[in-house]
Structure formats: structure tokens, C-alpha cells
Amino acid sequence: MRTGAIITLLFVSLLLVSINTAELLPENEAAAAQIQVINLSIDPAVLMPYDTATVTITLANTGTKSVAISSAQMLSKEFKVLSDSYRKVGAIGAGNTMSFTYTLQAGGATGIFYPIFSVDFRDANFLRYPFRVLVQDNPLEVSVLNKPETFVSGKKEDLTIHVGNPRDNQVTGVTVIPQAGEHEITPTSYFSGVLAPDSSVDIPFSVTPYGDSPIEFIVQYQNGINQHEVSYTLPVETGKKSRKQADTVLSNVQVDTKKDYYRVTGDVTNSGLETANAVVITSAEPAVPVFPFKVYAVGALKPDDFASFEVTFRADGNVTEVPLRTSFKDNDGNEFASDTLVELGEGTGPKPKQDEEGFSPVIIGVLVVIALGVIGAIWYSRRPRG
């Protein structure tokens with residue numbers, strides 16, 4: 001009885017071995033050998049450290065026999081596989097294709113890595129397919145072009161932000177956002193979109209500064225589904241004078257003294273490299289502007305252009321110099337002013353008017369002499385004659 005059971009077990013074991021051997025027949029191996037990887041895509045094509053990528057692999061059965069697949073999985077030491085393996089896949093019929101999609105996350109290291117796509121066949125051995133994944137740590141490059149040599153408070157200036165892509169793959173959703181702070185910046189943001197490898201884009205901005213706080217330009221972009229950003233800080237200093245700004249200079253100044261006011265004539269020249277608009281000249285304290293030329297409007301002066309002017313004012317007798325104030329506007333309407341001191345001299349001012357209802361000392365003296373003469377004549381005529 002016991003001997004019969006042992007014989008039965010041996011028979012079953014031999015039968016199972018023969019069945020497994022039949023499954024690994026050469027024709028099954030030959031059929032599995034016709035399974036090929038015909039397409040592999042990685043999005044993004046090049047990762048940055050800690051980026052997440054989607055890998056899609058397509059298998060094709062180029063043979064004439066259906067091939068059964070037990071499972072398909074992704075193997076990697078350098079990447080974290082965020083998606084599940086494929087279990088109980090099924091069979092790929094002759095001439096058909098089948099796609100597998102995985103999600104991988106890179107680590108902090110950069111370089112070239114080779115994850116493995118592994119397929120286990122039911123009636124044959126397996127397929128191992130290593131593929132190349134590149135991880136680069138090179139973000140977008142940001143710089144500034146055409147910025148002014150100095151900023152003037154309240155004066156609008158144009159500058160250009162240059163964004164370059166040094167990566168081996170394109171990035172999308174490129175957007176530049178300036179952090180205005182106390183300044184006025186237009187536009188408030190700029191969307192550029194796709195930036196191809198080894199290409200760049202120039203983005204214009206207008207900046208009107210109102211202080212010395214720096215401006216930060218933040219560049220946001222996407223590498224696949226991964227959001228990244230890089231920034232550029234532009235220093236702002238408004239204390240210096242622009243070398244191109246219009247600059248008015250007074251020359252050939254001549255002071256004439258009239259009856260009760262001063263008359264100053266001369267030339268005003270624009271020694272800057274920009275047009276001075278709405279040029280106006282007048283006198284400032286301690287002078288008091290008076291007609292006929294309280295204010296003299298010159299108009300626009302182009303670079304190296306000049307015009308004559310004339311102003312009139314009063315000043316106290318102890319005033320020896322008076323500032324002449326020249327103001328103008330730039331092309332954006334910002335107003336600028338400067339003072340030029342003009343010497344009046346001492347004791348050369350206009351004489352004050354006499355009071356029309358009184359008498360000068362000279363007249364009073366003459367009247368007194370006349371009165372005394374009249375009194376003396378009367379006294380002489382009336383004295384007794386001897």
C-alpha cells in the first residue's frame with residue numbers, strides 16, 4: 001500500500017517536470033524572442049535632481065505566434081519607482097503591440113543612469129531592457145541687457161531681461177515676474193512659453209524707480225510636470241546723475257540795474273544727450289520776480305542747442321547774489337531743476353522810489369533859506385530910519 005503511494009507521487013512529479021519542460025520548448029523561446037521594444041519615451045527627456053518623469057515603453061510581437069506575459073516591472077537603484085508593477089499582463093498576439101507606463105523620481109545625483117525594464121514570459125524566460133536616463137542640474141540662465149548706467153528717481157528707464165536655456169531638452173511655461181516693491185514696473189509679468197535647448201529670449205521691461213531697493217526678477221518654468229524657478233536681482237541706485245540726461249547751463253549772463261528792479265540776460269544751453277522739454281527760467285529767493293519777465297519760457301532744447309533768456313526781479317539792497325532757477329521736463333514728463341547763482345554786486349542796486357507826499361532834505365533846506373531871506377527882507381524894510 002505504501003509502495004503504491006510512493007510510485008504514484010513519483011509519477012506525478014515526473015508528469016509536472018515533463019509539463020514544465022514542454023512549456024520551455026524551443027518554439028516557445030523562439031516566439032518570445034520576437035518580442036521587441038519598438039518605442040521608449042521619457043517626459044521630461046532630461047531630468048533635474050528630484051524631478052519626476054513618466055516613462056512609456058511599447059512592446060511589439062513581430063512573430064507569428066501569441067506570447068504570454070506573466071509580469072512587467074521597472075528596476076532601478078538610482079530612481080524611486082512611484083508606480084506599481086504590471087501583474088498578470090496577458091498575451092500579445094502576433095503583430096500586436098502593448099504599452100507600459102511607469103513613474104520614476106530622480107534622486108539628488110546627476111549623470112547618466114540605466115534603469116531596467118523587465119518582462120517575465122509565461123512559456124519562456126524573460127526580457128531585460130536597460131535604457132538611458134540623463135539627470136542634469138543646470139537651470140535657466142538669467143541676465144540683464146540694455147540697462148541704464150544709473151537710475152533717476154521718478155524717471156522711466158527701459159531694460160531687457162535675457163533668459164537662456166543651457167539644458168539638453170526644452171522647458172515650457174517660461175514666465176518672468178518682477179517683484180516691483182516701491183518701484184513701478186511694466187509689464188507686471190511676461191509669459192514666453194516654450195524655450196528650446198540652447199536658445200534664449202529677450203524680454204523688455206520699463207522701470208520707474210522710487211528709491212534704492214533692488215528689483216528681483218523671478219523666472220518660473222516647467223521641466224515636464226516639474227515646476228522650477230530661478231531669480232535675478234538687479235541693484236538700483238538713484239543718487240547719481242545720468243550721463244545721458246539733459247543738462248541746462250547758463251552762460252553770457254549780464255546784470256543790468258533799472259530804476260526799481262534788476263534785469264538779467266544770457267544764454268541757456270543743453271549740454272546733455274537728451275532733449276530738455278519745456279525749459280523755463282525764473283529767479284528764486286531772496287529775489288522776487290516782477291514783470292515784464294517774471295518767468296521766461298524757452299521751450300524745447302535739443303542736445304547742444306541754446307537760446308537767449310531774460311528775467312526781471314527785485315531784491316533788497318543788502319543782497320549780493322541771487323539764484324536763477326532753470327527747470328525742464330524729460331520725455332516722460334519728469335521735471336528737473338537746477339540753480340545758478342548770479343552776483344549783483346554791492347551798492348549797485350536800484351534806488352528806492354521817493355515818497356510822493358513828502359519832501360527831500362535838499363528841498364527842505366532850500367525852502368528854509370528862502371524863508372529866512374524873506375523874513376530878513378521884511379525886517380530890514382520895517383526897521384526905523386535914522
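All values below come from the heavy atoms of this structure, side chains included, with hydrogens, waters and symmetry mates left out.
The closest donor-acceptor contact from the side chain of Ser83 to the backbone of Thr103 lies under 3.5 Å. In this structure, the side chain of Asn270 engages the main chain of Glu274 through a donor-acceptor pair within 3.5 Å. Within the 3.5 Å criterion, the main-chain N or O of Asn169 finds a donor-acceptor partner in the side chain of Asn165. Side-chain N or O atoms of Thr175 include one that pairs as donor or acceptor with a backbone N or O of Gly173 at under 3.5 Å. The main-chain N or O of Leu59 is never found under 3.5 Å from a side-chain atom of Thr97 such that the two would form a donor-acceptor pair. Under a 3.5 Å cut-off, the side chain of Glu182 and the backbone N or O of Ser213 do form a donor-acceptor pair. Looking at Thr312, its side chain does come within 3.5 Å of a backbone N or O of Val290 through a donor-acceptor pair. Using modelled atom types, no side-chain atom of Asp267 and backbone atom of Phe306 make a donor-acceptor pair closer than 3.5 Å. In terms of modelled atom types and a separation under 3.5 Å, the side chain of Thr52 and the main chain of Gln105 share no donor-acceptor contact. The backbone N or O of Ser70 sits nowhere less than 3.5 Å from a side-chain atom of Asp120 that would complete a donor-acceptor pair.
Within the 4.5 Å cutoff, the side chain of Val298 has heavy atoms near those of the Ile281 side chain. Annotation: side chain of Val230 is not in contact with side chain of Phe217 (no heavy-atom distance under 4.5 Å). Two residues are said to be in side-chain contact when any heavy atoms from C-beta on lie closer than 4.5 Å; Leu140 and Val171 meet this criterion. Taking 4.5 Å as the limit, every side-chain heavy atom of Asp247 sits out of range of all side-chain heavy atoms of Gln245. Glu321 is not listed as a side-chain neighbour of Val342, based on a closest heavy-atom distance of 4.5 Å or more. Contact of the Thr269 side chain with the Thr248 side chain is not registered, since no non-hydrogen atoms from C-beta on lie closer than 4.5 Å. When side chains are defined from C-beta on, Val322 does not count as touching Leu341, because their heavy atoms never get closer than 4.5 Å. You'll find the side chain of His162 reaches within 4.5 Å of the side chain of Ser200, heavy atoms only.
Among all heavy-atom pairs drawn from Pro115 and Leu104, the shortest one is CG-CD1, 4.3 Å. The heavy-atom pair separating Leu47 from Arg167 by the smallest distance is O-NH2, 3.4 Å. Smallest separation of non-hydrogen atoms from Ser308 and Tyr296: O-CE2, 3.3 Å. The nearest pair of heavy atoms linking Ser189 to Ile177 is CB-CG1, 4.1 Å. Shown here for Val311 and Thr282, the closest heavy-atom pair between the two residues is CG1-CA, 4.1 Å. For the pair Ser153 and Gly211, the tightest heavy-atom approach, listed with the atom from each and the gap, is OG-N, 4.5 Å.
Ring centroids of Phe100 and Phe117 are separated by less than 6.0 Å, placing the two rings close together. Centroid-to-centroid, the aromatic rings of Phe313 and Tyr261 stay 6.0 Å apart or farther. Two rings, from His228 and Tyr221, have their centers less than 6.0 Å apart. Ring centroid separation for the pair Phe309 and Phe293 does not come in under the 6.0 Å cut-off.
When the shell of 6.0 Å around CZ of Phe191 is examined, it contains more than 12 heavy atoms from other residues, nucleotides or ligands. Annotation for Gln227: atom CD counts as buried by contact number, over 12 foreign heavy atoms lying within 6.0 Å.
We find the CD1-CG distance between Ile225 and Asp43 to be 8.0 Å, quoted to the nearest 0.5 Å. Residue Lys156 holds its NZ atom at 5.0 Å from OG of Ser206, rounded to the nearest 0.5 Å. Of the inter-residue distances, the one linking Thr172 atom OG1 with Asn223 atom CG reads 8.0 Å to the nearest 0.5 angstrom. Atoms CZ and CE, from Phe79 and Met74 in turn, are 10.5 Å apart once rounded to the nearest 0.5 Å. Interatomic distance, CG of Leu324 versus CG of Asp339, reported as 8.5 Å (0.5 Å rounding). Between atom CG of residue Leu145 and atom CG of residue Leu159 there is a gap of 9.5 Å, rounded to the nearest 0.5 Å.
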Does the side-chain contact (heavy atoms from CB on, under 4.5 Å) test come out yes or no for Thr56 and Leu40, once each step is laid out?
CA-CA 6 Å; Thr56 301; Leu40 186 144; over 6 Å; no

Please evaluate residues Asn277 and Asp330 with respect to the criterion side chain to side chain donor-acceptor pair (under 3.5 Å), reporting the C-alpha separation (whole Å), side-chain torsions for both, the decisive distance (0.1 Å), and the verdict.
CA-CA 6 Å; Asn277 301 295; Asp330 63 12; over 6 Å; no

With salt bridge (Lys or Arg N to Asp or Glu O under 4.0 Å) as the criterion, how do Asp123 and Lys65 come out once you've worked through the C-alpha distance, each side chain's angles and the decisive distance to 0.1 Å?
CA-CA 12 Å; Asp123 301 329; Lys65 183 180 178 180; over 6 Å; no

Verdict with reasoning, Asp212 to Thr238, per side chain to side chain donor-acceptor pair (under 3.5 Å)
CA-CA 6 Å; Asp212 293 336; Thr238 58; 2.7 Å; yes

Could you go through Arg325 and Ser283, starting from their C-alpha distance and side-chain angles, then the distance that decides it, and tell me whether this counts as side-chain contact (heavy atoms from CB on, under 4.5 Å)?
CA-CA 6 Å; Arg325 179 159 300 166; Ser283 58; over 6 Å; no

I'd like to know whether Met98 forms a side-chain contact (heavy atoms from CB on, under 4.5 Å) with Thr58, so could you lay out the CA-CA distance, the side-chain angles of the two residues, the decisive distance to 0.1 Å, and finally the verdict.
CA-CA 6 Å; Met98 183 178 292; Thr58 302; over 6 Å; no

Verify side-chain contact (heavy atoms from CB on, under 4.5 Å) between Val264 and Val253, making sure each step is shown before the conclusion.
CA-CA 7 Å; Val264 178; Val253 177; 3.6 Å; yes

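Hydrophobic cluster membership of Ile116, counting Ile, Leu, Val, Met, Phe, Trp and Tyr whose side-chain heavy atoms lie under 4.5 Å apart directly or via other members: Leu75.
Placement of Ile215 and Ile218 in two distinct hydrophobic clusters is found when ILVMFWY residues are connected by side-chain heavy-atom separations under 4.5 Å, directly or transitively. Met48 and Val133 fall into different hydrophobic clusters, where Ile, Leu, Val, Met, Phe, Trp and Tyr side chains are chained together by heavy-atom contacts under 4.5 Å. In terms of hydrophobic clustering, with Ile, Leu, Val, Met, Phe, Trp and Tyr side chains grouped at heavy-atom distances under 4.5 Å, Val268 and Val280 are assigned to different clusters. No continuous path of ILVMFWY side-chain contacts below 4.5 Å connects Val46 to Phe113, so the two sit in separate hydrophobic clusters. Hydrophobic cluster membership differs between Val152 and Ile185, with clusters built from Ile, Leu, Val, Met, Phe, Trp and Tyr side chains linked at under 4.5 angstrom.
For Asn61 and Asn96, the side-chain atoms include no donor-acceptor pair closer than 3.5 Å. Remark: the Asn146 side chain and the Asp158 side chain contain no N/O donor-acceptor pair separated by less than 3.5 Å.
For the pair Lys294 and Phe291, the cation sits on the ring face: its NZ or CZ lies under 6.0 Å from the ring centre, inside 45° of the axis.
Between Phe131 and Tyr129, the ring-plane angle classifies as parallel under the 30° and 60° cut-offs. Ring geometry, Tyr86 versus Tyr102: the interplanar angle exceeds 60°, so the pair is classed perpendicular (tilted spans 30 to 60°).
Every salt bridge (charged side-chain N to carboxylate O under 4.0 Å, His left out) that Arg263 has, sequence neighbours left out, goes to Asp256, Glu310.
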